[in-house]
Asks: 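What follows is a structure written as structure tokens; I'll ask about it next.
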Number of protein chains: 2
Amino acid sequence: MYSENEIILRRTLDKYHVLTDEEFSDFLKVCEYKSFSKKECLLEAGNYNYGIYFVISGTVGLFELIDGKEMYQNFFLPGEFANELKSLTTQSHSTKNLIALDATESYHLDRQQLLNLYEQSASYEKLGRKLLEHLLAGQNELSHVLQSLKPEERYRYLEEYRPKLLNAIPLTYLASYLGLARETLSRIRAKK
Amino acid sequence: MYSENEIILRRTLDKYHVLTDEEFSDFLKVCEYKSFSKKECLLEAGNYNYGIYFVISGTVGLFELIDGKEMYQNFFLPGEFANELKSLTTQSHSTKNLIALDATESYHLDRQQLLNLYEQSASYEKLGRKLLEHLLAGQNELSHVLQSLKPEERYRYLEEYRPKLLNAIPLTYLASYLGLARETLSRIRAKK
DNA sequence: GAAAATCTGTGACGAAAATCACAAAATGAA
DNA sequence: TTCATTTTGTGATTTTCGTCACAGATTTTC
């Protein structure tokens, strides 16, 4: 009936709001399977943003080029929705890049088709709202970590709350995510 | 017909999604006018979170006590929705405080009544979703500022994108918001 | 499997920011 | 107004972290 990947997607959506079979079936129609090889861009700076990606397998990074350096602002693991929200909602060109950090499988959800869904039923609005609530809570927490925690505490925070990132992501990228120099993070990890 | 404050509220909502007169009228029913004197708490750490506040006049700060120090994580000015989202959505006790930094007028929007509205019409869901999109974009930006910008650049960011905060909020509180020592921010402001 | 590219570890060093300390200024309360 | 409290400015000192440099390790590419 449903493929393996479709079941994973549904389980993920269920965490936010349970769709009926019919609603989920319509939802699947806006999903287009796309795979990316390592280092391929899902969204490139300067380009228009056509939607978001549900990560099935692999890893996706969000970064911005600042003084020629790739500053990572977020990471998306399987079961998460990789996005660059600002350009998506304002319909402007993105200043950031979404890049596959490993070979990655995804469903692409087209922006306009998502908007159509929103008009179709309050169920999709609710799903979107709850997903956003979840994303915002996470982003609040990240800001807090950066505002108040010392380098070592930031690392401990990752260990405790986002341990999967430690294995999946090169330390170099994690450093920019945590607002630290690569060497500092390396030394923190070295002791103990 | 509508009071001054109700018109301000409506104009604010319109920025996200336009409600019909009837919808807005129902919306007003969940709004309860509340005023706070300076230093009064809208939400206290340890307490249950009963909703969000639309700021009519004054200033509201969101802070968390860390090692006995008040670390400010956000500020809300007139026309904004003061909130502590995590405890609101998870229905848990708040670890943070919402406090009036000046004499403040607000509408309190009761959590359960908001949930009822969501069930009533997709229009409210859409409003909530769009408001959340806006909040998330702002929070993404703040994280970026904290991840990538040096102290002086953080101050310039405030000057450029949130200049009202510079006047409305004591420098001491802004320092924690920007992840800096109070003295550092004072010196940045001193030169030039 | 060899070469290239990327990523990590580690020392030395310096710059930047945190901390400490205290005085001055501004604000608020009685 | 006066006193108390809060907020801000500024110097001296210490600490932390970023920067630079380079070697070793790991991963990718062909």
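Chain letters run A, B, ... following the sequence lines, proteins first and then strands; every chain starts at 1. Just so it is clear, the values below take in all heavy atoms, side chains as well, and ignore hydrogens, waters and symmetry mates.
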Asks: If you check every side-chain atom of B:P151, which of D:dG9, C:dA17, D:dC17 has the closest atom?
Replies: C:dA17
Asks: For B:T184 and B:K39, take the nucleotide of DNA chain D holding the closest heavy atom to each; which residue's nucleotide lies nearer the 5' end?
Replies: B:K39
Asks: Tell me which nucleotide, if any, is Watson-Crick or G-U wobble paired with D:dC30 when both distances must be under 3.5 Å.
Replies: C:dG1
Asks: Examine distances only and state if a side-chain atom of A:D110 and a backbone atom of A:Q112 form a donor-acceptor pair shorter than 3.5 Å.
Replies: yes
Asks: Let me spell it out: for each of B:K69 and A:R182, pick the nucleotide of DNA chain C with the closest heavy atom. Which residue's pick is nearer the 5' end?
Replies: A:R182
Asks: Report yes if at least one side-chain N or O of A:T172 is closer than 4.0 Å to OP1 or OP2 of C:dT8; otherwise report no.
Replies: yes
Asks: For A:Y72 and C:dT6, give me the distance from atom OH to atom C1', rounded to whole Å.
Replies: 12 Å
Asks: The side chain of B:K150 lies closest to which of these nucleotides: C:dT8, C:dA17, C:dG28?
Replies: C:dA17
Asks: Find the distance B:L171:CG to C:dA24:C1' and express it as a whole number of Å.
Replies: 15 Å
Asks: Please answer whether the main-chain N or O of A:L9 pairs with a side-chain N or O of A:E6 as donor and acceptor at a distance below 3.5 Å.
Replies: no
Asks: Quick one: does B:R187 reach the base of C:dT19 with a side-chain donor-acceptor pair under 3.5 Å?
Replies: yes
Asks: Are B:Y53 and B:F36 close enough, and set up right, to give a ring pair (Phe, Tyr, Trp, His ring centres under 6.0 Å), and what steps lead you there?
Replies: CA-CA 11 Å; B:Y53 295 85; B:F36 298 89; 5.8 Å; yes
Asks: Are A:Y48 and A:Y50 close enough that their ring centres sit under 6.0 Å apart?
Replies: yes
Asks: Out of D:dG18, D:dT28, C:dT8, which has the shortest distance to the side chain of A:K38?
Replies: D:dT28
Asks: Just how far, in rounded Å, is P of C:dG9 from CD1 of A:I188?
Replies: 12 Å
Asks: Check whether the side chain of B:E183 and the base of C:dC20 form a donor-acceptor pair under 3.5 Å.
Replies: yes
Asks: Rounded to whole Å, how long is the line connecting atom CG of A:L174 with atom C1' of C:dG9?
Replies: 16 Å
Asks: Can you tell me if the side-chain N/O atoms of A:Y173 get under 4.0 Å from OP1 or OP2 in C:dC7?
Replies: yes
Asks: Could you check how far CZ of B:R189 sits from C1' of D:dG9, rounded to whole Å?
Replies: 10 Å
Asks: What's the CG-C1' distance between A:L178 and D:dC17, to the nearest Å?
Replies: 14 Å
Asks: Would you kindly compare A:L185 and B:A181 by the position of their nearest DNA chain C nucleotide and give the one closer to the 5′ end?
Replies: A:L185
Asks: Report the distance from atom CG of A:D67 to atom C1' of D:dT19, rounded to the nearest whole Å.
Replies: 14 Å
Asks: Rounded to whole angstroms, how far apart are CG on B:D102 and C1' on C:dA26?
Replies: 15 Å
Asks: Taking the ring of A:Y72 and the ring of A:Y173, is the distance between their centroids below 6.0 Å?
Replies: yes
